[in-house]
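Everything below concerns the one structure shown next.
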Number of protein chains: 2
Amino acid sequence: MASEATARQKALEDAIELEHFLPYRLSRLTNTVSNAIAELYRDSFGLSIPDWRVLAVLARFPDSSAQDLVTRTRMDKVAVSRSVARLVERELVNRSIDSNDRRLSRLSLSDGGVEVYRRIVPMARDCEARLLESLSAKQRQALDDVLMALQAAADELTATS
Amino acid sequence: MASEATARQKALEDAIELEHFLPYRLSRLTNTVSNAIAELYRDSFGLSIPDWRVLAVLARFPDSSAQDLVTRTRMDKVAVSRSVARLVERELVNRSIDSNDRRLSRLSLSDGGVEVYRRIVPMARDCEARLLESLSAKQRQALDDVLMALQAAADELTATS
DNA sequence: GCGGTATAGTTTCATTTGTAACCATCTTGA
DNA sequence: TCAAGATGGTTACAAATGAAACTATACCGC
């Protein structure tokens, strides 16, 4: 009885203050940001975030294969496949087959895709700018370093387990 | 023709380097971390991340109502409802009805819930520690500040739109 | 060349998640 | 006191997501 009460007490003393728990804070921040952005893309162009990511990578790396997209975005290959299908359907992306390896798609933005991309970029930049405005120059640099280090550590996490 | 080529050129010059785009980096980091943690909780205790969050909040704030959980975690109320249902089903959480307002649930960890919680806490802490290990003391402080500022800015984002 | 294996990409199906409708209870104000 | 909201919570349905199976092509060793 007393020991049960003690155990319970100990649990509470050890209690994680969720609001200071890094993974939780990260997740909350990301959700807030992602939802804001998702709304933007969806309302303006009917694009989901995965769609937008594919678009953005193709803008930078034309003639990527689906596999290239997977590697670059770290999205699931099914997600990539679906986004590409949607974008091709909407004629924002052109798909052709690699002449050397018929398994590979060659994906690029169509003119329409480039146009959509050009119109989204300022919105994306604006969104990012509004976030960064809240930071000093020093903090921005720190953020950059920290994100890099954390991503590396997080990759270690998954590798180790 | 030339102008089309020029437009396309311009788009590429403006291209967002996704890998430096803050929302993207955040999302990628969070996904990596969340997936690692989700695996941990799921494999060890069959808990999803939402389940764990509810558990953690109840450890700190016993006798919360479902609405309290929504407020504290910023989870969707449906998600909370579902997690609570699962946890009650598994007898990790006790649910009773508030005597003053029969709409309200009063939720607390059962002894079993406390036990599970106690066993998870070190794992969660360890995970967090491994992430933070990659940072200097200075960087950790900076991270704290930056996360706070960014969350505030992100909340502004959604409020403004 | 030919069987075995690896890779690219899609489809299928089960699970998760979110939105909206819903029911029960409480509060307010005529 | 009772009608009209407001609030707490669940249910039902639709959309997004993920894991695994599948198809098609390519490579590798013999």
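Labels below follow one simple rule: chain letters A, B, ... track the order of the sequence lines, proteins then strands, and each chain is numbered from 1.
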Over how many whole Å does the gap from [X] atom [atom1] to [N] atom [atom2] extend?
X         : N       : atom1 : atom2 : answer
Ile97(B)  : dT7(D)  : CD1   : P     : 21 Å
Met75(B)  : dT17(C) : CE    : P     : 9 Å
Glu39(B)  : dG18(D) : CD    : P     : 14 Å
Asp101(B) : dT28(C) : CG    : P     : 12 Å
Asn100(B) : dT27(C) : CG    : C1'   : 14 Å
Lys77(B)  : dT10(D) : NZ    : P     : 10 Å
Leu87(B)  : dG9(D)  : CG    : P     : 15 Å
Leu104(B) : dT25(C) : CG    : P     : 12 Å

Find out whether the Lys NZ or Arg CZ of Arg53(B) is both under 6.0 angstrom from the six-membered ring centre of Tyr24(A) and within 45° of the ring's axis.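 Arg53(B) over Tyr24(A) ring: no.
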_Side-chain touch Leu29(A)/Val33(A), heavy atoms, less than 4.5 angstrom_ =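 Leu29(A) reaches Val33(A) side chain to side chain.
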- Query: Can you tell if the side chain of Phe45(A) reaches within under 4.5 Å of the side chain of Arg119(A), non-hydrogen atoms only?
  - Reply: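 They are in side-chain contact.
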By the 4.0 Å heavy-atom rule, please label Asn35(B) as base, sugar-phosphate, or nothing.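 The answer is nothing, as Asn35(B) stays clear of every strand by at least 4.0 Å.
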- Reckon Asp76(B) touches a base, only the sugar-phosphate, or nothing at all at heavy-atom distances under 4.0 Å?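 It contacts base atoms.
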- Query: Going by atom types alone, do Asn35(A) and Glu39(A) pair a side-chain donor with an acceptor below 3.5 Å?
  - Reply: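 Distance-only check fails for Asn35(A) and Glu39(A).
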Consider only side-chain N and O atoms of Asp51(B) and Ser48(B), and report whether a donor and an acceptor are under 3.5 Å apart.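 The answer is yes; a qualifying pair exists.
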From [options], nucleotide with atom closest to [X] side chain:
X         : options                  : value
Ser105(B) : dT25(C), dT25(D), dG9(D) : dG9(D)
Val78(A)  : dT11(C), dT10(D), dG9(C) : dT11(C)
Arg102(B) : dT25(C), dT10(D), dG9(C) : dT25(C)

base_contact_polar (dT7(C) base, Arg103(A) side chain, donor-acceptor, <3.5 Å):
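Between dT7(C) and Arg103(A), which were checked side chain against base, a qualifying N/O pair under 3.5 Å is present.
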Hey, does the side-chain of Arg82(B) have a donor or acceptor N/O within less than 3.5 Å of a partner on the base of dG18(C)?
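Check passes, donor-acceptor contact within cut-off.
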message = If the threshold is 4.0 Å, N to carboxylate O, is there a salt bridge linking Asp126(A) and Arg130(A)?
response =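 Between Arg130(A) and Asp126(A) there is a salt bridge, with a charged N closer than 4.0 Å to a carboxylate O.
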Name all residues meeting the side chain to side chain donor-acceptor pair (under 3.5 Å) criterion together with Arg90(A); count only those two or more places apart in sequence or in a different chain, and write none if there are none.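 Applying side chain to side chain donor-acceptor pair (under 3.5 Å) to Arg90(A) gives none.
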query = Where along residues 63-71 of chain A does a heavy atom come under 4.0 Å from DNA chain C, residue by residue in number order?
reply =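 Residues of residues 63-71 of chain A that come under 4.0 Å of DNA chain C are, in numerical order, Ser65(A), Ala66(A), Gln67(A).
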Within residues 41-51 of chain B, find the residues that approach DNA chain D with a heavy atom at under 4.0 Å, and present them sorted by residue number.
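Result for residues 41-51 of chain B: none.
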How many angstroms lie between atom CG of Leu69(A) and atom CZ of Arg72(A), to the nearest 0.5 angstrom?
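Interatomic distance, Leu69(A) CG to Arg72(A) CZ, rounded to 0.5 Å: 8.5 Å.
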Could you grab the distance from atom OG of Ser27(A) to atom CG of Leu22(A), nearest 0.5 Å is fine?
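Here the interatomic distance stands at 10.5 Å.
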Check: Which of parallel (below 30°), tilted (30 to 60°) and perpendicular (above 60°) describes Trp52(B) and Tyr41(B)?
Finding: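 Tilted: the ring planes of Trp52(B) and Tyr41(B) meet at 30° to 60°.
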